[in-house]
Amino acid sequence: MDEDFRRAALDYHRFPRPGKLAIEPTKRMATQRDLALAYSPGVAAACEEIAANPDAAWDYTARGNVVAVISNGTAVLGLGAIGALAGKPVMEGKAVLFKKFAGIDSIDIEVEERDPQKLIEVIAALEPSFGAINLEDIKAPECFEVERVLRERMRIPVFHDDQHGTAIIVAAAVRNGLVLQGKRIEEVKLVNTGGGAAALACLDLLVEMGLRRENVTVCDINGVVHTGRNDLDPYKAKYARETAARTLEEVLEGADIFLGLSAPRVLKPEWLGKLAPKPLVLALANPEPEILPEAVRAARPDAIVATGRSDYPNQVNNVLCFPFIFRGALDVGATAINEAMKVAAADAIAALARVEASEVVAAAYGGHAPVFGPDYIIPRAFDPRLILEIAPAVARAAMETGVARRPIADFAAYRRELERFVFRSGYLMRPMFEAGRQAPRRVAYAEGEDERTLRAVQTVLDEGIAEPVLIGRREVIEARARAMGLRMDFSQSVEILDPNLDRAVFEPLISLYQKKVARRGVPPEAAARRVGTRAAVTAAVLLEAGLVDAALVGGSGNWMRQWHYAYDVIGKREDAGRVYALSAVIIPTGTLFFVDTHLLVEPSAEQIAEMTLLAAEQVHAFGITPKVALLSHSSFGASHAPTARTMRAALGLIRERAPGLEVDGEMHADAALVPAIRARAVPESTLSDTANLLVFPNLDSANISFNLLKAAADGLQVGPILLGMRKPIHVLVPSVTARGIVNLTAVAVHQANALREEWAG
């Protein structure tokens, strides 16, 4: 590495505090009672339960979500036997990946012990502390024996990731590469260079998946692994062949797969012609592969290439699987990670690459979503769908093979639980999604050509929550959907309405729009042009005419202008004085709702009361009991400033109209969120626990507070949700993501269904 990068890496590990890990408590520790529950005497109750039933440790301790990353430092990355202490940054890094990708707590343990038998004794003695063991950077062949013995002795999973993590990703890459090349695993010939722990694990798993052992040839540092050699350990000897060949060049003839896990430049470009037609070249040595992809492409354009590097397509990276394999294993209390679980993981990874990529993957590729093909046979490590596919597959395989002590009864519910690692909005949006699946409605998307919209619509179809109607140029939408690898069917599941082509649909809508804006300073000619050229107008008029049940507009350009286009057509409910905007922000401690974040600059007490009741109704729709705090610079009558008086007056109106609603104010923001502070100020406050619906005295305070919290706490936005509109229509902010569009779709469908019920009643 160059000196600048080295310095940056050292600073990264050193500042602002040394290392990459910390331990955080999961329980409150604020009072003497908390201390008594956490330690003495309360802890004795949990100890007694575990003494009576050891499996109760999964219920009363963190054991079921803690993995030990253990190494003796004998084979650290590309650095070799640098020792346990020098390898500690790598083990810390592995622990960080567990937490980042799968929410698994992990502790790194560096053991300065080179004797395999003594190392086994040390690790085996740690079993009561952990739910699983991840062996890391232990050299071959000792790693084979260490893992084998520990798996026999311990009743928790023991997994040497250097072997099996690599094997699983390689298996997924081979599975998909052969699909593209039109070959069957039972028929292909494979040549491996390396013959080490990772290589042998790859071969074992591929054989488990159908590769014939007699079709495998291994080459190590001493040449071809053949039956005449007397320097082979038992793990390598099972791949020894009777052959006169002694060099890599000699055994390449007719090989369908080259699997390199060895050293740089061992595969010469001039040898590539010996490979079979349409070969797979997996050159996985790091940092320099056995052959560079550009050299392969120059000599064999029919080849598919994978490496271990992130600067080339098809990176074989262990992080694609190990966090999610452990997630699935821990969640069923598995006693082992067996071959069936590994195969299930490989198949899940392979299948994921064959469907369209997510927005996050698109971002990882510089904004262009990859499509299954020669340069995309395995997903990227940051694809958020990995946990949703791999963990359930592993858990199910564990149950089917009898190693699961805590079987999962409802895999649909389990998948929803896993969504918290993918979409933080999952818990909040669940009631909306469930309701949408029961009664999906037609939703118009004004920006039908936008890639975010297209990705969102694919998710909407997969979730079954709406019947999408895309507005835009038909040829552009269809071309972009194809380029993105989306599966939507424009002849059945998705309708495209093109203002330039579908004149029979839009001509009758022009007069409707002209009537809506005739007294808003828009002449008839301009109104006619807007229906065909202003997507927000187009979507709103479709909704007003009853051709769709809901609409989403905006997402680009000026938010307020898009809002006016929508409002001019749809207008407000007859029973609402104004329209307001409710925004939610999801932070690690929960969800907070803010009103009004976008529309009313200086609301009156009457308007604050109205927006509060509308917002509480919407919060109820999420399955959440609203707890409302009217916020101010003043705390419970301490000030007579105009805004404080307004909030007090609003409180009286709210209590009069909704006596059952939990609401209090005016109060400071900290009193709203911290019950202890509120109790000191007003012990008889009618608001219990933490407020979740925050009402502000004006637009500035609401918008500033919302965006400040979102940025400071890495919060996830849901909304803005328009309250008080006559029909379900929402205006997307320019920063909206595909998931944000999906969420607002669910909200709009829920509102459309509620409106239908109201009309039916």
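What you see is a predicted model, and the numbers here were worked out from it, not measured in a lab.
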Exercise: do R327 and N65 side chains pair donor with acceptor under 3.5 Å: yes
Note: R473-E449 ion pair, threshold 4.0 Å (strictly below): yes
All side chain to side chain contact (heavy atoms under 4.5 Å, CB included) counterparts of V96, not counting sequence neighbours: K20, L21
Any side-chain heavy-atom pair of N286 and R309 under 4.5 Å: yes
Ring centroid separation F696 to F706 under 6.0 Å: no
Sidechain-backbone polar pair: Q458 side chain, R487 backbone, donor-acceptor under 3.5 Å: yes
Cationic tip of K94 above F322 ring, under 6.0 Å, 45° of axis: yes
Quiz item: cation-pi between R396 and F411, 6.0 Å / 45°: yes
Pairing residues for R474 by the salt bridge (charged side-chain N to carboxylate O under 4.0 Å, His left out) criterion, not counting sequence neighbours: D502
Q717 side chain vs G719 backbone, donor-acceptor pair below 3.5 Å: yes
Carboxylate-amine/guanidinium contact E447 R452, below 4.0 Å: no
D161 side chain to N318 backbone, donor-acceptor under 3.5 Å: no
Atom pair CD1/CG of I587 and L592 - distance to nearest 0.5 Å: 5.0 Å
Flag for R441-N753: side-chain donor and acceptor within less than 3.5 Å: yes
Polar side-chain atom of R437 near backbone of G464 as donor-acceptor pair, under 3.5 Å: no
Parallel, tilted or perpendicular: ring planes of F98 versus F326, cut at 30 and 60 degrees: perpendicular
Member of K727, R756, H730 meeting the side-chain hydrogen bond (donor to acceptor under 3.5 Å, both in side chains) criterion with Q751: H730
